[in-house]
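Below: one structure, written as structure tokens.
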Amino acid sequence: MADLGRIDGRTKLIGLLATPIGHSLSPAMQNMSLRERGLNYSYMAFEVGNEQLADVVTGMRALGVRGFNVSMPNKTKILPLLDELSPAAQFTGAVNTVVNENGKLIGHITDGTGYMRALKEAGVDVVGKKMTLMGAGGAATAIAIQAALDGVTEISIFNREDDFYHRALKNAQIINEEIEGIRCKATVYNLDDADRLKEEISTSDILTNATGVGMKPLEGESVVPDASWLRPELIVSDVVYIPRKTRLLELAEEAGCAKAINGLGMMLWQGAAAFKLWTGEDMPVEYVKEEMF
Ligand code: NAD
């Protein structure tokens, strides 16, 4: 309630458009950061699905909001409603942050940079490394594209032959053929090919789970079946942060992996990048970590 006292006639609105929304950590994280920095904005979550999205975006334009986050299920549906996209958002085909620049709505994706920043904060230098990436949904796509842009030289992408498999193929095609000036080779495999997965992990520097396996309703499960697939020097990371320690990270601990990184850092740094885009200021990340993590 302390926030409400700070709102006045000049407060600028930032929103979050998603459903379900109640569990989101973003409103708390963004508002405590705005308050800590003394910035006159307020971040509000709105329960918005695909059906209301176009009307809501028209309303956001009319209100002249500073911007908004977009989360499930709107990250791809928002694209045709915007005026411009950042290069990463174009390649990824998804947007999680919109900035209103004098009436022009510009779409960005900060999930990929957020993930890469979390690795950097954990002391990981990705340049020249090989990554095995499980998943081809929204989070995985952002990670694949940003990893290639940031200097990862080989990515083995694994996905089940479900609705996301074509996106895995598309991500590899974008990395191999469409992004100019990068040296990264991406290959797609079926996640059900356990032998191939084990083999690719054994020659990788980084293993990333960007599927929903490990969080509800798949909590306690891991695509990697046991710790013998992992080795101490392998960097193991998971985009899931509820629970903080997924089954995959438990296995990494069992295997003696020096770096086992959960999705909280990605969540923090994607939010920090959005905060910077809206306000021009750095998020007080140490303060957020103390208060929330
Ligand atoms: P999505 O629906 O776009 O993609 C889901 C992915 O999981 C697909 O690759 C799908 O094939 C795979 N998958 C689903 N069920 C599976 C199963 N049983 N076995 C193997 N693969 C399976 O979802 P998303 O938005 O990419 O989210 C994926 C995960 O990433 C979620 O757990 C989400 O909470 C997390 N996430 C974390 C952050 C963060 O900041 N840390 C940001 C975005 C998403």
Side-chain angles (χ1 to χ4, degrees), residues 16 18-26 28-30 50 69-78 88-89 92-97 108-119 121-122 132-146 155-172 188-194 197 207-225 237-249 261-275 283 285 288-289 292-293:
L16 165 61
T19 185
I21 210 166
H23 69 285
S24 175
L25 298 179
S26 293
M29 177 171 75
Q30 296 291 350
N50 289 169
N69 274 139
V70 185
S71 194
M72 291 238 294
N74 302 320
K75 282 182 168 181
T76 54
K77 300 283 182 211
I78 189 88
T92 308
V95 158
N96 78 330
T97 303
H108 300 260
I109 182 93
T110 66
D111 289 331
T113 52
Y115 173 81
M116 300 310 288
R117 179 69 187 260
L119 285 193
E121 292 292 318
T132 289
L133 174 64
M134 301 183 289
T141 296
I143 290 170
I145 301 297
Q146 198 62 44
I155 309 179
S156 296
I157 301 171
F158 285 82
N159 209 81
R160 304 188 299 184
E161 284 192 352
D162 61 10
D163 291 350
F164 292 94
Y165 193 76
H166 74 281
R167 187 67 221 191
L169 296 172
K170 173 108 178 128
N171 292 344
V188 176
Y189 302 101
N190 188 334
L191 189 61
D192 293 330
D193 185 347
L197 178 59
L207 171 64
T208 303
N209 175 50
T211 72
V213 180
M215 79 177 276
K216 274 191 182 132
L218 303 171
E219 192 168 339
E221 295 185 26
S222 160
V223 178
V224 170
S237 76
D238 205 321
V239 297
V240 173
Y241 57 87
I242 303 170
R244 301 285 193 264
K245 197 183 284 179
T246 57
R247 179 72 190 133
L248 175 65
L249 296 184
I261 303 160
N262 69 21
L264 264 187
M266 175 179 175
M267 201 277 299
L268 174 70
W269 290 105
Q270 62 77 29
F275 187 89
M283 177 179 269
V285 288
V288 172
K289 278 195 224 169
M292 287 184 68
F293 294 1

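Both ligands and their constituent atoms are indexed starting at 1 by order of listing. Along the sequence shown, residues are numbered consecutively beginning with 1.
Residues V95 and I109 have side chains not in contact (no heavy-atom distance under 4.5 Å, counting atoms from C-beta outward).
The nearest heavy-atom contact from the protein to atom 6 (C) of ligand 1 is T211 CA, 4.0 Å. Nearest to atom 4 (O) of ligand 1 among the protein's heavy atoms is G137 CA, 3.3 Å. Here the protein heavy atom with the shortest distance to atom 1 (P) of ligand 1 is F164 CZ, 3.7 Å. Considering only non-hydrogen protein atoms, atom 32 (O) of ligand 1 sits nearest to M215 SD, 2.8 Å. Closest to atom 42 (C) of ligand 1, if we only count protein heavy atoms, is M266 CE, 3.7 Å.
Of the N or O atoms in M72, none lie within a sub-3.5 Å distance of an N or O in ligand 1. Remark: ligand 1 and D162 share an N or O pair separated by less than 3.5 Å (distance only, no angle test). Between M267 and ligand 1, an N or O atom pair is found at a separation short of 3.5 Å. For ligand 1, the polar-atom distance check finds an N/O of N159 within less than 3.5 Å of one of the ligand's N/O atoms. Residue contacts with ligand 1: V239 is placed with a nitrogen or oxygen under 3.5 Å of a nitrogen or oxygen of the ligand (distance criterion only). Between G138 and ligand 1, an N or O atom pair is found at a separation short of 3.5 Å.
Residue contact check: V240 has heavy atoms under 4.0 Å from atoms 32 (O) of ligand 1. Near G212, meaning under 4.0 Å from one of its heavy atoms, ligand 1 places the atoms 7 (O), 32 (O). Near Y241, with a cut-off below 4.0 Å to any heavy atom, the atoms of ligand 1 are 39 (C), 41 (N). Proximity to G135 (heavy-atom distance under 4.0 Å) selects the following atoms of ligand 1: 9 (O). Atoms of ligand 1 lying under 4.0 Å from at least one heavy atom of A136, given by number and element, are 9 (O).
In this structure, Q30 contributes its side chain and F275 its backbone to no donor-acceptor pair below 3.5 Å.
Looking at D238 and T246, their side chains do bring a donor and an acceptor atom within 3.5 Å of each other. Using modelled atom types and a 3.5 Å distance limit, the side chains of N190 and N159 yield no donor-acceptor pair.
Only side-chain heavy atoms of L191 come within less than 4.0 Å of ligand 1; its backbone N, CA, C and O stay farther off. Only the side chain of R160 comes within 4.0 Å of ligand 1, counting heavy atoms alone; its backbone N, CA, C and O stay farther away. Of all the heavy atoms of L218, the ones lying under 4.0 Å from any atom of ligand 1 belong exclusively to the side chain.
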Checklist entry - Can you check side-chain contact (heavy atoms from CB on, under 4.5 Å) on L197 and V223, steps first, answer last? => result CA-CA 10 Å; L197 178 59; V223 178; 3.8 Å; yes
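Taking each of A139, S71, A140 in turn, the one with a heavy atom nearest to atom 44 (C) of ligand 1 proves to be A139. Here the shortest heavy-atom distance to atom 28 (C) of ligand 1, taken over P73, A142, A210, belongs to A210.
Around CE of M292, the count of heavy atoms belonging to other residues, nucleotides or ligands within 6.0 Å exceeds 12.
Separating the CG atom in L133 from the OH atom in Y115 is a distance of 7.5 Å, to the nearest 0.5 Å.
Every heavy atom of G114 sits 4.0 Å or more from the atoms of ligand 1.
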